[in-house]
Structure formats: structure tokens, C-alpha cells
Engineer: 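Have a look at this one before I ask anything.
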Amino acid sequence: MPIASFPATSLQPLIEERLVGVIREFEEELASPHPPVARLCRHVERYRGKMLRPTLAIVSGLAAGGAAAVGSRHERLGAVLELIHMATLVHDDILDEADVRRGGRTVNAEHGLDAAVLLGDYLISSAFHLCSRLGDPSLNEELGRVTGELCAGELLQQEARDRLDLPEGELVEILRLKTGVLIGAAARTGAREAGGSPTVVRAMEAFGSAIGIAFQMQDDVLDLLGTEADVGKSVGRDLAKGKLTLPLVLARELSGPQGRANLDDAVRAHDAMTVRRLVAATGALEAARDRAAAFVESARLQLRELEPSDAREVLEAMAAAVISRSR
Ligand code: FPP
Ligand code: MG
């Protein structure tokens, strides 16, 4: 969801200016006098894509407090959020044994496992170093909790591997933890930094969390259906690593006993082509897209707490883009 795809509003130059500031903060934080470290950090800068989390923090701030309330603190906050996100991607690609991200080689594929583990650690400590420079201990406390929840989501996902009868509710909780909480925190902290009222701040968190869940649902559909060239990252990793995803869980719900047994056999054999065919035959892909659309709708309802504004329109567009994207 590049910012360029948003509806042309008078806010676009301001959002872009703040994002340039986010990138500056990000690069300054990662600047290292040690050439091997600097080289690895440059690799991660290639991962930068949609900048969803910093953009959301900025736009939430604009919606909650107006342009005068969104300045250099939002730029630093945006860089902190992006650093946390980058750390999780570097570690996620290790866990998924993925070779490709954003159309290029992953850190683990290019520099090996040990360097990737350590770079993820470097990024997460850089995030909290930069966060502490905002001088607000409550932000450190909050983002520390959020990062812990994110790891808990990944641990629950590990624990649920190969549990083919995983209930939909448990799966959605994993998606909320691994993706929803950080996007929710981006929206909440962005609004709070801009002086938003407690009601608005709560609504923005609920908005971010819901679009985060929808984003992850779409991600899982793309992992099952997309090609590496289209999506720009390794696909089929969920199945290869025994991760249960919404299309699979719904396909099992929608199948009769024989269909479910066939699907389970194909999942256990990691037979991606058969899984794709069987899942599609049940209508589970449409059902997964419907579930994602329902989360987007619940996110949009939260926007009623905001005064009408261009920023609110941008948030509407961001919510819609989460499920219309193909990469
Ligand atoms: C993407 O999953 C992964 C996440 C949203 C969270 C990853 C978090 C960790 C690995 C915990 C490590 C945490 C720290 C703080 C370093 P995906 O594989 O479904 O998405 P993808 O398609 O983009 O790979
Ligand atoms: Mg992955």
C-alpha cells in the first residue's frame, strides 16, 4: 500500500515529508562505524516497503490532532515501529527458511543464519534505544509489551503447527498477536502523541488491530495462491512449515469427512498443488476473503469516533488497501 496509491488529498505532501523524516531517523539509528554491521543494516533497508506502521502512526496523529500536532516525534516514533517490524521480518525469514523478500534475497539466504539471528537482535535493541530517546517511559513500556505479545503470537503459532483441527478462534488470536498488536500500537501511539482524546486513542487501536488481522489473513491467502514473482517473497512457506492458516482451517470446516481426510493427507505431505485445488473447491478462499473484509468493516466503524477530515479519508483508504493488495 504505497502512499502513492492513496486518494489524492491535500495531506499527501505532509505525509510524504514525515515519511522522509522516518527514513532519516531509521538510517541514523542504524549507522554503524563497523563495516560488517553497516553492510547488514543496508541489506535490511532494502526490505523497506509499504511503511504501513509509520504511515498509520502519522495519519492517526493527523486524524486525532491535526497537522500542527504531527512533527519530529512522529518521525522518530515511526522509525521505532519500522525497526521493530524489520527485526521481526529478519527472524521470521529464519523460522520460515525463506529465501526471498521484497523481490531480493533474505538476510539468512545472503549472509547465513548466524548473521540473521544477530541482526534481528541488533534491530530490536536499536528500536528500543531509539524509543528511549523519545523520553517517554510509557512508550517503552507499551512497545515492550507489544513486542512480547508479538513473540507470544509466534510461539503459539509454533505450538499449533500440524494441529489440523485448530479452531478458527485460536487462529484469529494468533493473527491478532503476531500482526494485529503492532499495527494497533502504531495507530494508538500515533493518535496519543498528537493529543487525541482517550476515546479516539482507543478507537484508533481497535482500528489498527482489526486492519492488522485482515492484513495477515490476506497475507496467508497470498502465501497459498501467489507466485514468488507476484508477491515478491517466498510463498508456500506456511504449508512447508506446518503453519495452519485461515484458508486451510475454513476449508476443513467446509468439507465433509472424506474431503477433510483428503485435505489432511495433502497438508501432511506438503503437497501444495493438491492443497490449493482442494481448498479452492470448498469455497474457503472466498470465505477467508469475507472474514478479512469483515475485519476491515469493523475497523471502518471505529473511524466514526473521528471528526470528518482528509486524514480520516486516508485511513478509510488504508483499510480498503489491506485486502485489495496482491503483494
Ligand atoms: C510474519 O509472518 C511474521 C510476523 C508478523 C511476526 C514475526 C515475529 C517473530 C519471528 C518474533 C521475533 C521477534 C522479534 C522481536 C525479533 P508470515 O511468515 O506469515 O509473513 P511473511 O509472509 O511476510 O513472511
Ligand atoms: Mg514468513
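In listed order, ligands and their atoms are each counted from 1.
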Engineer: Nearest to atom 16 (C) of ligand 1, what protein heavy atom do you find, and at what distance?
Structural biologist: H91 ND1, 3.2 Å

Engineer: Quick test of your reading of the model: are R145 and E149 salt-bridged, counting only N-O distances below 4.0 Å?
Structural biologist: yes

Engineer: Give a yes or no on whether D238 keeps an N, O or S atom under 2.8 Å from the Mg ion (ligand 2).
Structural biologist: no

Engineer: Answer with yes or no whether the side chains of H129 and E29 bring together a donor and an acceptor at under 3.5 Å.
Structural biologist: yes

Engineer: Please report, to 10°, the angle around the Mg ion (ligand 2) from atom OD2 (D96) across to atom OD2 (D92).
Structural biologist: 100°

Engineer: Which of the numbered atoms in ligand 1 are below 4.0 angstrom from a heavy atom of L150?
Structural biologist: 6 (C), 8 (C)

Engineer: If hydrogens are left out, which of M86, R237, K178 has an atom nearest to atom 2 (O) of ligand 1, that is, the closest non-hydrogen atom?
Structural biologist: K178

Engineer: Roughly how far, to the nearest 0.5 Å, is CG of L239 from CG of L244?
Structural biologist: 10.0 Å

Engineer: Salt bridge or not for E142 and R192, using N-O below 4.0 Å?
Structural biologist: yes

Engineer: Salt bridge or not between R300 and E316? Use side-chain N to carboxylate O under 4.0 Å.
Structural biologist: yes

Engineer: Closest non-hydrogen protein atom to atom 20 (O) of ligand 1, residue and atom name please, with distance?
Structural biologist: D219 OD2, 3.4 Å

Engineer: Can you list the ligand 1 atoms lying under 4.0 Å from a non-hydrogen atom of T147?
Structural biologist: 15 (C)

Engineer: Could you tell me which atoms of ligand 1, counted from 1 in the order shown, lie closer than 4.0 angstrom to a heavy atom of I124?
Structural biologist: 15 (C)

Engineer: What do we get for D96 next to ligand 1 when only non-hydrogen atoms under 4.0 Å count, side chain, backbone, both or neither?
Structural biologist: side chain

Engineer: Taking 4.0 Å as the limit for heavy-atom contacts, which would you say applies to L95 with ligand 1: side chain only, backbone only, both, or neither?
Structural biologist: side chain

Engineer: Go through the steps for H85 and R53 under the test side chain to side chain donor-acceptor pair (under 3.5 Å), then give the verdict.
Structural biologist: CA-CA 8 Å; H85 176 53; R53 293 150 191 83; 3.3 Å; yes

Engineer: Under a 4.0 Å N-O cut-off, is there an ion pair linking R76 with E28?
Structural biologist: no

Engineer: Do the side chains of K233 and D219 get close enough for a salt bridge, i.e. N-O under 4.0 angstrom?
Structural biologist: yes

Engineer: Have a look at K243, K233, E154, R101 and point out the one with the heavy atom closest to atom 24 (O) of ligand 1.
Structural biologist: R101

Engineer: Can R176 and E173 be counted as an ion pair, charged N to O under 4.0 angstrom?
Structural biologist: yes

Engineer: Does at least one non-hydrogen atom of G120 fall below 4.0 angstrom from an atom of ligand 1?
Structural biologist: no

Engineer: Can you tell which of D238, L83, D92 gets a heavy atom nearest to atom 3 (C) of ligand 1?
Structural biologist: D92

Engineer: Number the atoms of ligand 1 from 1 as they appear, then name those within less than 4.0 Å of a heavy atom of T179, with their elements.
Structural biologist: 5 (C)

Engineer: Which residue and atom name correspond to the protein heavy atom nearest atom 13 (C) of ligand 1, and how close is it?
Structural biologist: C151 SG, 3.5 Å

Engineer: What I want to find out is whether D96 reaches R101 closely enough, with some N-O distance under 4.0 Å, to be called a salt bridge.
Structural biologist: no

Engineer: Between H43 and R105, is there a donor-acceptor pair closer than 3.5 Å when you use the side chain of the first and the backbone of the second?
Structural biologist: yes

Engineer: State the atoms of ligand 1, each with its element, that fall below the 4.0 Å cut-off from a heavy-atom position in Q216.
Structural biologist: 19 (O)

Engineer: Checking only N/O/S atoms, does D223 have one that is under 2.8 Å from the Mg ion (ligand 2)?
Structural biologist: no

